[in-house]
Amino acid sequence: MFQRLFGRERHANRTITDALYAQIVAAARQTVFYSHWHVPDTPLGRFEMLSLHMFLVQHRLRGEDGVAQEIAQVLIDEFFLDVDHSLRELGIGDVGVPKRMKKLAKMFYGRTAAYDDALERNDHDSLTAALTRNVRPDAGAWPEASRLAGYVADASRQLSAQPTESIIGGTVAFPGATEADR
């Protein structure tokens, strides 16, 4: 009986996290990031944008407990499973995947610490610098980084205003990125 009850709850959470993850991926794949803001449309560039949007949801759910905390954990697990799957699709063999996953996890957590710090201090310049360092490390000047930083701050505010019940119900709303943002 307990397994049946817990199994249903896990299935419901799985449906919710699948929906949330799909919305995170869709937000990360907004065309304007790649076409107008010059985020590299490469596996690493897509990883950066997916990481950024995953961070935004994790940032929003931080401090929540119960179902929200469980969903946050399942989302991060799904993110790393997706990254693992993507590495394998790129032709990286079983021997190389764990080493690359370790490196990508370190990159993810390092980036999220920098983004979190800048958002907490409401420091647009620090956020812009962190995004430039991470998304376009070899590009030198990247004027669109300020637009991306503005988008991240707006997304963080919008997610903060979104009720937890909505998120744990399977809906996460990101703002649309436009050419004219900041």
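We count residues from 1, following the sequence as given.
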Please check this pair: side chain of Ser126 against backbone of Asp123, looking for a donor-acceptor N/O pair closer than 3.5 Å. no
To the nearest 0.5 Å, what is the distance between CD on Gln58 and CG on Leu159? 11.5 Å
Taken in chain and number order and not counting sequence neighbours, the residues that satisfy ring-ring contact (aromatic ring centres under 6.0 Å, His included) with His38 are none
Hydrophobic cluster membership, Leu81 vs Val74, 4.5 Å side-chain cutoff: no
Would you tell me whether Gln158 and Asp154 have side-chain atoms, one donor and one acceptor, within less than 3.5 Å of each other? no
If we ignore hydrogens and angles and just use 3.5 Å, is the side chain of Glu78 paired with the main-chain N or O of Tyr21 as donor and acceptor? no
Donor-acceptor pair, side chain of Ser166 and main chain of Gln162, under 3.5 angstrom: no
Smallest separation among heavy atoms of Phe174 and Ala155, with atom names: CD2-CB, 4.4 Å
Taking atom CG of Leu148 and atom CG of Leu131, what is their separation to the nearest 0.5 Å? 4.5 Å
Gln30 (side chain) donor-acceptor with Ala27 (main chain) under 3.5 angstrom: yes
Nearest 0.5 angstrom please: Ile168 CD1 to Leu20 CG, how far? 10.0 Å
Within the distance-only criterion (no hydrogens, no angle test), does the side chain of Thr128 pair as donor or acceptor with the backbone N or O of His124 below 3.5 angstrom? yes
Drop me the distance from Leu127's CG to Asn122's CG, to the nearest 0.5 angstrom. 9.5 Å
Between His53 and Val172, is any pair of side-chain heavy atoms under 4.5 Å apart? no
Minimum heavy-atom distance Thr132-Ala145, with the two atoms named: OG1-CB, 3.1 Å
Is any side-chain heavy atom of Leu61 closer than 4.5 Å to one of Ile167? yes
Would you say the side chains of Ser156 and Arg60 form a donor-acceptor pair under 3.5 Å? no
Using modelled atom types and a 3.5 Å cut-off, is there a donor and acceptor pairing between side-chain atoms of Gln23 and backbone atoms of Ala173? no
Looking at NE2 of His59 and CG of Leu52, how far apart are the two atoms once the value is rounded to the nearest 0.5 Å? 11.5 Å
Distance-only, no hydrogens or angles: does the Asp116 side chain make a donor-acceptor pair with backbone N or O of Thr112 under 3.5 Å? no
Between Phe33 and Tyr151, is the gap from one ring center to the other below 6.0 Å? yes
Is there a side-chain contact between Pro40 and Val135 (heavy atoms, below 4.5 Å)? yes
Might you point out which heavy atoms bring Ala28 and Tyr34 nearest each other, and give the distance in Å? O-OH, 2.9 Å
Can you name the closest pair of heavy atoms from Thr178 and Val32 and give their distance? C-CG2, 3.8 Å
Rounded to the nearest 0.5 Å, the CD1 atom of Ile24 sits from the CZ atom of Phe79 at a distance of 9.5 Å
Side chains of Met54 and Leu75: closer than 4.5 Å at any heavy-atom pair? yes
Going by the salt bridge (Lys or Arg N to Asp or Glu O under 4.0 Å) test, name the single residue among Arg133, Arg136, Arg111 that passes it with Glu48. Arg111
Is any side-chain heavy atom of Asp82 closer than 4.5 Å to a side-chain heavy atom of Phe47? no
Is it the case that the ring center of Phe55 lies less than 6.0 angstrom away from the ring center of Phe108? no
Would you please name every residue forming a side-chain hydrogen bond (donor to acceptor under 3.5 Å, both in side chains) with Ser160, sequence neighbours left out? none
Partners of Asp41 by side-chain hydrogen bond (donor to acceptor under 3.5 Å, both in side chains), sequence neighbours excluded? Arg29, Arg46
